[in-house]
Number of protein chains: 2
Amino acid sequence: MTQLEKAANNEITKEMKYVAEQEEIDANLLRKRVAEGLAVIPANINHKHLKPVGIGYGLKTKVNANIGTSPIKSNLETELEKLSAAISAGADTVMDLSLGGNVDEIRKRLMEKSAVPVGTVPIYQAVIEAGGPENLTLDKYLEVFEKHARDGVDFATVHAGVTKEAISLLEKRVMPTVSRGGTFLVNWMRKHNKQSFLYEGFDEILKIAKKYDVTISLGDGLRPGCIEDATDEAQLHELKVLGELAARCREKQVQVMIEGPGHIPLNEIEKNVRLEKEICKNAPFYVLGPLPTDIAAGYDHVTCAIGGALAGMHGADFLCYVTPKEHISLPDVSDVRDGVIVMRIAAHIADIAKGRQSSKQRDKLMSEARSRLDWEAMADYSLDPVNFRKLLKEECKSNPEISEGCSMCGKYCTEKK
Amino acid sequence: MTQLEKAANNEITKEMKYVAEQEEIDANLLRKRVAEGLAVIPANINHKHLKPVGIGYGLKTKVNANIGTSPIKSNLETELEKLSAAISAGADTVMDLSLGGNVDEIRKRLMEKSAVPVGTVPIYQAVIEAGGPENLTLDKYLEVFEKHARDGVDFATVHAGVTKEAISLLEKRVMPTVSRGGTFLVNWMRKHNKQSFLYEGFDEILKIAKKYDVTISLGDGLRPGCIEDATDEAQLHELKVLGELAARCREKQVQVMIEGPGHIPLNEIEKNVRLEKEICKNAPFYVLGPLPTDIAAGYDHVTCAIGGALAGMHGADFLCYVTPKEHISLPDVSDVRDGVIVMRIAAHIADIAKGRQSSKQRDKLMSEARSRLDWEAMADYSLDPVNFRKLLKEECKSNPEISEGCSMCGKYCTEKK
């Protein structure tokens, strides 16, 4: 039975208890939200040693880190290091998006090492095993999906909202598709002139998801890839299909969340969140950024933190990071760390804006420490104590005049009493 | 005569012409906005070789970089390097906040080298010359203010809104004052039990400002220094005083802009911008960040870019950067560069959200280059071409498989046709 099924049967599972404790909320309230589909707890029955995480209404805004190999860069040890870096920087979940090397082994090793929920995009491996997107079949997809489910994958992106009807809407775009999954499916539908096998076979995917309690993350395969294409017809068409599919997930008592854009100007982010909440009946919203400009490659971790903070404030529940290398290369270990930290800042800013008391309390404690010039306490309350201490140490070493603390104002410090 | 005076007399100055060309707007429209106080062109008659910059309604969102020495860290050469770094990273203006070393020499050298408008906070030097804030007098302040004006300073922060009436309102705060100028004045008023000499002597300050056309930047000496104190009575009390002082500036045909917070939760930023615009009759709004969390020291350039982008979208005109070292130390040259770049991302995101066509056009050109995998054009359109090319070069060197471009997806690249 899935967490959703149990919640609907009035059962408070040990996962719900754990999440409720972490979030400092009532476990029965959380159960109700899971039952209503407002929150999900991605917790595959086969994921050993999982520390469950809740995502959705009334819960802390969560951060996901994408890791994984590419056909060009593929090294298991590097991926394990990225996993450690992501978790120690505070990622709430990780997704293994591997496209190169021995993807089965990489996934298994990451699953073994990860106490946080792990997500995958099964169509990637299905394409690799089929020898190209044009050879995909539903059977191949289901086979890979079940393999991931058996291995303990907690949530999986399924681009079942990319349907034949949307293809003509892509013609007006500057960048028709930028989602890999979306591109595979559009190419497949064009080649076979058929409806998407993911859409057609959705009930069969749900059967496997239900068996292992894999949370379905409905992918936005037609997400806009640039500001010019934002919130366009193709995107909204897919969102409506995702709304239908979300209802079908709940009907089958499969947990579901919705993936969102993408490249969106800052003034359209609130609208995008509201549309998702309305059309998908308040299913948790999992956004990739959003990125409110296209021109900041090299700094897209910051770009997406700007979009993510605003999306979170308006109700997005789950923020997928982007690393500084986005649009240029696969991230290395330090990019993963930087990406997570910066997106955690965005999530924390969103939680303050959402009025979350414990988030505000931490800021108050920090500021009280600041006003009494207590540098140890400031380090403790800071979002990245390791970096804070490192910067402070460099500062004190290079300035023999100050035994501790800051060189900004010297005797003119506003906090010196 | 000031730009405002000339604008009111229907004169289109060469500075207005230059700014209108840069902004691709009609020069007479700009003149009208300057006349109405909706826009300012900080351009001291003594600043040689100035490339004027317009700040305000309908103009590109601008970015300021604070540089300057402290009593602990003071080196003229470093400050000149910071100036170059700020300008080459795209800062629209710089402020010299020097508190240590030979501040006269530092300011003069920075003025000589700077083609962008330069701002200062004259009260700093007045405190140094008076031998402490308690010894300040209006005469000493005016003497220093005129020295800066004579040297060509284009805009100057004046904390004349910090008045006696606000002092009791600070008691409720976690951090009563975090502005250096604000702290000096509060301490002075407490010690002397008198109204602020800046408030009392405001007309005399305006006389000097008018003579040299120094734009007054009304400082928010009582800006909140933490989320807990945001948008409180003390802050709003000062804002009302700033509204009165802004009216007095315009009456005397002195250009004026308003400085704003500070530490503000994301959900209060829109309100803060609207209040400023309402109370100060649409005077250009110059915000420090804002920082929507207190706990991200080490990454406060990102924190303030998140707040700055949103403030900009809602109508803030001028964003003061914060560097990664804020709250820990004086920035070094690379911090200055990082701070400017990240705040420029925020300003560009705000300009897209404000509907600025030429900003959107650059994103479109970038995305078109991306869709044809034209890496040279992508570098050209990117916000930081130097960094883009560096990352791309590293990528290609470490991956002999790819002669150019990205390692993210390899043969699964969505843009490969």
Side-chain angles (χ1 to χ4, degrees), chain A residues 70-73 99 174-175 177-178 180 183 226-228 265-267 292-299 302-303 305-306 309-310 313 328-330 342 345-346 348-349 352-353 360 362-364 366-368 371 381-384 387-388 391-392 395 399 401-402 406-412 414, chain B residues 70-73 99 174-175 177-178 180 183 226-228 265-267 292-299 302-303 305-306 309-310 313 328-330 342 345-346 348-349 352-353 360 362-364 366-368 371 381-384 387-388 391-392 395 399 401-402 406-412 414:
Chain A
S70 85
I72 296 172
K73 278 191 180 176
L99 279 169
V174 173
M175 304 188 80
T177 52
V178 297
R180 280 192 293 245
T183 308
C226 61
I227 294 296
E228 193 71 15
L266 206 65
N267 57 318
T293 177
D294 307 336
I295 67 164
Y299 305 90
V302 174
T303 313
I306 293 174
L310 195 62
M313 173 171 104
I328 298 176
S329 83
L330 210 64
V342 164
I345 296 173
H348 180 73
I349 286 172
I352 291 172
K360 287 164 87 169
R362 183 161 167 190
D363 282 53
K364 190 178 176 190
M366 169 59 118
S367 298
E368 286 168 349
S371 79
Y381 293 125
S382 74
L383 193 121
D384 183 355
N387 188 46
F388 190 99
L391 294 177
L392 200 61
E395 181 67 358
N399 291 289
E401 253 189 81
I402 43 170
C406 171
S407 59
M408 276 197 103
C409 312
K411 62 182 174 182
Y412 303 117
T414 62
Chain B
S70 86
I72 296 171
K73 279 191 180 176
L99 279 169
V174 173
M175 304 188 80
T177 51
V178 297
R180 280 193 294 244
T183 307
C226 61
I227 294 297
E228 194 70 16
L266 205 66
N267 57 318
T293 178
D294 307 335
I295 67 165
Y299 304 90
V302 175
T303 312
I306 293 174
L310 195 62
M313 174 172 103
I328 298 176
S329 83
L330 211 64
V342 163
I345 295 173
H348 180 73
I349 286 172
I352 292 172
K360 288 164 87 169
R362 182 159 167 190
D363 282 53
K364 190 177 176 191
M366 168 59 118
S367 299
E368 286 168 349
S371 80
Y381 293 125
S382 75
L383 192 120
D384 183 355
N387 188 45
F388 189 99
L391 294 178
L392 199 62
E395 180 67 359
N399 291 288
E401 252 188 82
I402 42 170
C406 170
S407 60
M408 277 197 103
C409 311
K411 63 182 172 180
Y412 303 117
T414 61

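Proteins come first, then strands; the chains are lettered A, B, ... in the order of their sequence lines, and each starts at number 1.
Ranked by heavy-atom pairs under 4.5 Å with chain A, the first of V302(B), I352(B), L99(B) is L99(B). Note on G298(A), S70(A), A353(A): by heavy-atom pairs under 4.5 Å with chain B, the leading option is A353(A). For the set V174(B), I328(B), N387(B), the entry with the most heavy-atom pairs within less than 4.5 Å of chain A is I328(B). Interface check for chain A: of the options A297(B), G410(B), P292(B), C226(B), the most heavy-atom pairs under 4.5 Å are formed by P292(B). Among the candidates A309(A), A346(A), S371(A), C409(A), the residue making the largest number of heavy-atom pairs closer than 4.5 Å to chain B is C409(A). Interface remark: of the candidates T414(B), L330(B), I295(B), I345(B), I295(B) forms the most heavy-atom pairs closer than 4.5 Å to chain A.
Only the side chain of E228(B) comes within contact range of chain A, judged by heavy atoms closer than 4.5 Å. The parts of Y412(A) that come within reach of chain B are both its backbone and its side chain, each placing non-hydrogen atoms under 4.5 angstrom from that chain. Looking at M366(A), the atoms closer than 4.5 Å to chain B (heavy atoms on both sides) all sit in the side chain, from C-beta outward. Interface remark: T183(B) contributes side-chain atoms only to the contact with chain A (heavy atom separation under 4.5 Å).
Nearest heavy atom pair, residue A305(A) against residue V342(A), reads CB-CG1, 3.4 Å.
No donor-acceptor distance shorter than 3.5 angstrom exists from the side chain of S367(B) to the backbone of K364(B), with no hydrogens or angles considered. In terms of modelled atom types and a separation under 3.5 Å, the side chain of D294(B) and the main chain of I227(B) share a donor-acceptor contact.
Annotation: side-chain hydrogen bond (donor to acceptor under 3.5 Å, both in side chains) contacts of S382(B) (sequence neighbours excluded): none.
Here the OG1 atom belonging to T293(B) is positioned 8.0 Å from the CZ atom belonging to R362(A), to the nearest 0.5 angstrom.
Within the 4.5 Å cutoff, no side-chain heavy atoms of K360(B) are placed close to those of D363(B). Here the side chains of E395(A) and M408(A) are not in contact, with every heavy-atom distance at 4.5 Å or above.
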